[in-house]
There are 4 protein chains.
Amino acid sequence: MPLNEEQLQQKRDERREQILSAALKVFARRGLIGAKMSMISEEAGISQGLMYRYFSSKDELFITLVERAIQGSIEGTRQIHQMPGSPLEKLTKLTELILDEEGQLYFLLMHQVRTSDEVPEKAKGLLEYASMDLYIDMLKPVFEEGQKNGELAEGDISELISCYFTVISGLMTLNIPKTQGFQLPRVELLMRIFTRSQ
Amino acid sequence: MPLNEEQLQQKRDERREQILSAALKVFARRGLIGAKMSMISEEAGISQGLMYRYFSSKDELFITLVERAIQGSIEGTRQIHQMPGSPLEKLTKLTELILDEEGQLYFLLMHQVRTSDEVPEKAKGLLEYASMDLYIDMLKPVFEEGQKNGELAEGDISELISCYFTVISGLMTLNIPKTQGFQLPRVELLMRIFTRSQ
Amino acid sequence: MPLNEEQLQQKRDERREQILSAALKVFARRGLIGAKMSMISEEAGISQGLMYRYFSSKDELFITLVERAIQGSIEGTRQIHQMPGSPLEKLTKLTELILDEEGQLYFLLMHQVRTSDEVPEKAKGLLEYASMDLYIDMLKPVFEEGQKNGELAEGDISELISCYFTVISGLMTLNIPKTQGFQLPRVELLMRIFTRSQ
Amino acid sequence: MPLNEEQLQQKRDERREQILSAALKVFARRGLIGAKMSMISEEAGISQGLMYRYFSSKDELFITLVERAIQGSIEGTRQIHQMPGSPLEKLTKLTELILDEEGQLYFLLMHQVRTSDEVPEKAKGLLEYASMDLYIDMLKPVFEEGQKNGELAEGDISELISCYFTVISGLMTLNIPKTQGFQLPRVELLMRIFTRSQ
DNA sequence: CATGAATGAGCCTTCATTCAT
DNA sequence: GATGAATGAAGGCTCATTCAT
């Protein structure tokens, strides 16, 4: 007696997530080529063959993760507007969220797309869509307000935001928690870059 | 006219460098597994077979590069003591040197060793040797002097230095020059983290 | 309202035919290995799993079709004795029947058994049973009568019949209708081989 | 000490032929999918990997053979104009050549291209180039002369030639020599189709 | 020494078959 | 019974490494 449509779909969705989660772990630490489908399927606890009912190829799996990474980073950044407090408080909170978050693996993934020649063209293309300008536009109102009320340092806003994301991305890419020696700087230290010295 | 012993050795040395340089380029952008020996030999302008007269395996080639990366980063850091000027000037100069330098590929390499599971155990071991404590010890005198004369911010010295290297490593790992959107922050912005606000 | 025993059996029989018919189409055009069970089940409009309640394996399905092909060709040839008219008329009629018939797919199947190494031993064995001698024996009386009454050409009867079946088989194997360029020769042309020139 | 350029090229050419010859045997008897690269390499007496230095894929290997088959059949047919004797003698000789020849495997190959859905589009395309009209044009002069001098039967020349090639193709496709029971009809029997009865 | 041909282990992917529901 | 999810054994292809020349 077959399952009904809805149950089936739910099970399929869960499996899909299961695979994506496993793939993210393996891709992040081994790269597109270094990741073996056998590793992913083992991590997901299923057979190799089954993965191909959900993703038609290793590349598709990879690209799906890249899409999520980009979408997540955009949505995460956008949250700043819902946050309470002054511009500096908002920025601090956003930074803590990003650095805290489990999104590290996604940063590693995006780093691979950016620096590696072996990822599919399509993934490269996706990344271009998420240009720095996009993030600058999202944060611009907050920085403007911060400069106006004197919390944030003077200077070219685009440069400041670009610097912010570059530093944050660098830190996230280092994938610090699992790394001996390195440890994430405290957010207050980082914030000094953007705050008006008094 | 056959070359004499010395000339022969010199030619061997040159070739070795040639191979290492080619390998660095390829490893940095493709990772250990993504890099094909054929790519490296082509980049080096020699046949595949010949590479095996200089390095017994791909792993050995990789490990040799990791050794150089570590050695280079230590020597580079150590230069700070020969630099002229105040502590802050020294730190600024060192930062400019690191960010400027062509050593980006080495940072990518070390990033791979740190984050990737596909790298030989031996390479992982080498990295442990270059612990954060090593760098902290090298910069400690400069930071102490800087705090004493009021140029540098108060606070735990180890934390400050660790923050310094973490931020710098992150930036270098992003491999920025070839990346659209990202651009290296100006050193003055970064230095705000460590300078006493007045 | 559950079906009774008999209805059930009838449904099973229909389904079996449905599967065999679908399998014949797919096997004929793609060969034993090229045919995927998924294609057959789709063509038959049922699930893959269900096929295994009717045929225990792909090979069994294939062999069943080969048995039918052989049986059909023997029964078809035997019909000549029920046909009206002179020997030449009988032969012409038989030829038209064979060439006309939808049995092309069976010819393709038998061709595969004959020429392909990938077919199960058992299928090869079945084909041996349907030797040329069997067909010669069936047509011998007709040819003898035709030679006696002067309609058919003189010559070794076995050779003539063998030539007949070989030419016909070749034409059927070409699977002409779906092929551009080739077209079935008119039966009258073919019959010239066997008729006495006058 | 490497071989000189010419020796190298010759060795490469021999290897190429070796592989093509092995591939023809295996493809002809097992079809595109049924043929395993391991079988071909074993037949050729080399490793699997080496084949990929000469042909970039199984499909390319297959297509190369199809090209040869087509080219060979065209060139073979064209020979008729160099043959001595009357039109009927020419046709008889050509038929003997075709049926005699070791080209059977090529006919099997072309048959697969014609009837199978699993061959690459490119191979299908090649076959269209070698249309029946091409062959009709090549033989037309001979048939015309034969009809004029009374050797060949009256009737539509295109139909006669088409019938000729269809019958011959059918016979060749049966791959008779290796087949029990079937035997190639004598050419004289076949020729009756085209000769004027007297 | 230098080349690139040759090998074979291993990976992605497909698909016959089985199994849970 | 009926479905389609799940498995795992190949097969095509790549590439590090070896070897003949």
> Which nucleotide sits closest to the side chain of A:Lys11: E:dT3, F:dA6, F:dG1?
Replying inline: F:dA6
>> Can you measure A:Lys36 atom NZ to F:dC15 atom C1' for me and round it to whole angstrom units?
In response: 11 Å
> Which one, E:dA16, F:dA16, F:dT17, comes nearest to the side chain of C:Lys58?
Replying inline: E:dA16
> Separation of C:Ile46 atom CD1 from F:dG1 atom P, in whole Å?
Replying inline: 11 Å
> Quick one: A:Arg12 CZ to E:dT21 P, roughly how many Å, whole number?
Replying inline: 17 Å
> OP1 or OP2 of E:dA2 less than 4.0 angstrom from a side-chain nitrogen or oxygen of B:Arg53, does that happen here?
Replying inline: no
> Taking the nucleotide of DNA chain F with the closest heavy atom to each, which residue, D:Ser38 or B:Leu32, is nearer the 5' end?
Replying inline: D:Ser38
> Can you check side chain to side chain contact (heavy atoms under 4.5 Å, CB included) on B:Ile33 and A:Arg30, steps first, answer last?
Replying inline: CA-CA 9 Å; B:Ile33 295 193; A:Arg30 307 192 83 106; 5.5 Å; no
> So, the side chain of B:Glu43 versus the backbone of B:Met39: is there a donor-acceptor pair under 3.5 Å, distance only?
Replying inline: no
> Between B:Glu60 (CD) and F:dA16 (P), how many Å, whole number?
Replying inline: 16 Å
>> Would C:Glu17 and C:Arg68 count as a salt bridge (Lys or Arg N to Asp or Glu O under 4.0 Å) here? Give the steps.
In response: CA-CA 12 Å; C:Glu17 290 307 313; C:Arg68 291 199 170 198; 2.7 Å; yes
>> Nearest to the A:Ser57 side chain among E:dT13, F:dT3, E:dG4, which nucleotide is it?
In response: E:dT13
> Which one is paired to F:dT18, where only Watson-Crick or G-U wobble pairs with both distances under 3.5 angstrom count?
Replying inline: E:dA5
> To the side chain of A:Met37, which of F:dT3, E:dT13, E:dT3 is closest?
Replying inline: E:dT13
> Rounded to whole angstroms, how far apart are OH on D:Tyr52 and C1' on F:dC15?
Replying inline: 13 Å
>> I need the minimum non-hydrogen distance between A:Tyr52 and A:Ser57, along with the two atoms involved.
In response: CE2-CA, 4.1 Å
>> Is B:Arg15 close enough to E:dC1 that one of its side-chain N or O atoms is under 4.0 Å from OP1 or OP2 there?
In response: no
>> If I take atom CG in residue D:Leu61 and atom P in nucleotide F:dG12, what distance separates them, rounded to the nearest angstrom?
In response: 11 Å
> If you find the nucleotide of DNA chain F closest to D:Gln48 and the one closest to C:Tyr54, which residue's nucleotide is nearer the 5' end?
Replying inline: C:Tyr54
>> With a 3.5 Å distance limit and no angle check, can you tell me whether D:Lys25 reaches the backbone of D:Ile40 through a side-chain donor-acceptor pair?
In response: no
> How long is the line joining CG of B:Leu50 and C1' of F:dC19, in whole Å?
Replying inline: 15 Å
> Starting at CE of B:Met39 and ending at C1' of F:dT14, how long is that distance when rounded to a whole Å?
Replying inline: 11 Å
> Which residue, C:Ser56 or A:Ile33, contacts DNA chain E at a nucleotide closer to its 5' end, judged by nearest heavy atom?
Replying inline: A:Ile33
